[in-house]
Colleague: 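Structure below; questions to follow.
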Amino acid sequence: MFYGYSVLKMNSVGEGCTDLKREYDQCFNRWFAEKFLKEDRSGDPCTEMFKKYQHCVQKAIKEKNIPIDGVEFMGPNKEKPDS
């Protein structure tokens, strides 16, 4: 439950990454609701957690031979591509 809404809890692409994903999701949702929506842009406390999760996912993708050619990834400090 997130502020009165049921949140769908999806597993990560790698079984070993699911706990990291849930920790990051909780951190991000808390930051978004308590800081970002209140116009407090003083930083994202979840960046390091995201990087750990991202590394885990990238490793799982390689191990499962999931083709990702041509896929662009976003994350902290990356700009959205121009539309």
Side-chain angles (χ1 to χ4, degrees):
M1 215 45 156
F2 174 67
Y3 293 94
Y5 296 96
S6 177
V7 176
L8 177 63
K9 293 183 181 178
M10 295 176 57
N11 289 335
S12 181
V13 66
E15 286 182 33
C17 304
T18 297
D19 286 343
L20 288 171
K21 178 190 180 305
R22 291 199 175 125
E23 288 175 31
Y24 170 72
D25 286 347
Q26 286 180 336
C27 182
F28 177 83
N29 289 335
R30 187 171 36 255
W31 168 81
F32 188 79
E34 295 174 6
K35 301 286 185 175
F36 186 82
L37 290 178
K38 295 178 182 173
E39 298 184 17
D40 179 352
R41 309 294 199 270
S42 62
D44 179 358
C46 310
T47 300
E48 288 305 312
M49 198 175 299
F50 176 80
K51 288 178 183 178
K52 288 178 187 177
Y53 172 59
Q54 183 181 43
H55 177 74
C56 187
V57 167
Q58 289 170 343
K59 183 179 173 189
I61 286 171
K62 280 185 180 182
E63 289 172 354
K64 293 181 178 200
N65 294 316
I66 298 172
I68 58 170
D69 295 335
V71 175
E72 293 185 33
F73 294 94
M74 290 188 62
N77 304 319
K78 290 195 176 183
E79 299 290 323
K80 284 185 179 181
D82 292 332
S83 302

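Computed from heavy atoms alone, side chains included, the values below leave out hydrogens, waters and symmetry copies.
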Colleague: Rounded to the nearest 0.5 Å, what separation is found between the OH atom of Y53 and the CD atom of Q58?
Modeller: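 These two atoms lie 11.0 Å from each other.
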
Colleague: Taking only residues two or more places apart in sequence or in another chain, which ones pass side-chain contact (heavy atoms from CB on, under 4.5 Å) with N65?
Modeller: none

Colleague: Specify the closest pair of heavy atoms between C27 and M49, including all atoms of both residues, with the distance to one decimal.
Modeller: CB-SD, 4.0 Å

Colleague: Run the side-chain contact (heavy atoms from CB on, under 4.5 Å) test against K59 and tell me which residues pass, sequence neighbours left out.
Modeller: E63

Colleague: From K35 NZ over to D44 CG, what is the distance, rounded to the nearest 0.5 angstrom?
Modeller: 11.5 Å

Colleague: Nearest heavy-atom pair of L20 and C56: which atoms, and what distance?
Modeller: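 Nearest heavy atoms, L20 then C56: CD1-CB, 3.9 Å.
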
Colleague: Atom CH2 in W31, atom CG in L37: separation rounded to 0.5 Å?
Modeller: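 Spacing of CH2 (W31) from CG (L37) equals 8.5 Å.
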
Colleague: Return the OG1 to NZ distance between T47 and K52, rounded to the nearest 0.5 Å.
Modeller: 12.0 Å

Colleague: How long is the straight-line distance from SG of C17 back to NE2 of H55, given to the nearest 0.5 Å?
Modeller: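 If we round to the nearest 0.5 Å, H55:NE2 and C17:SG are 9.0 Å apart.
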
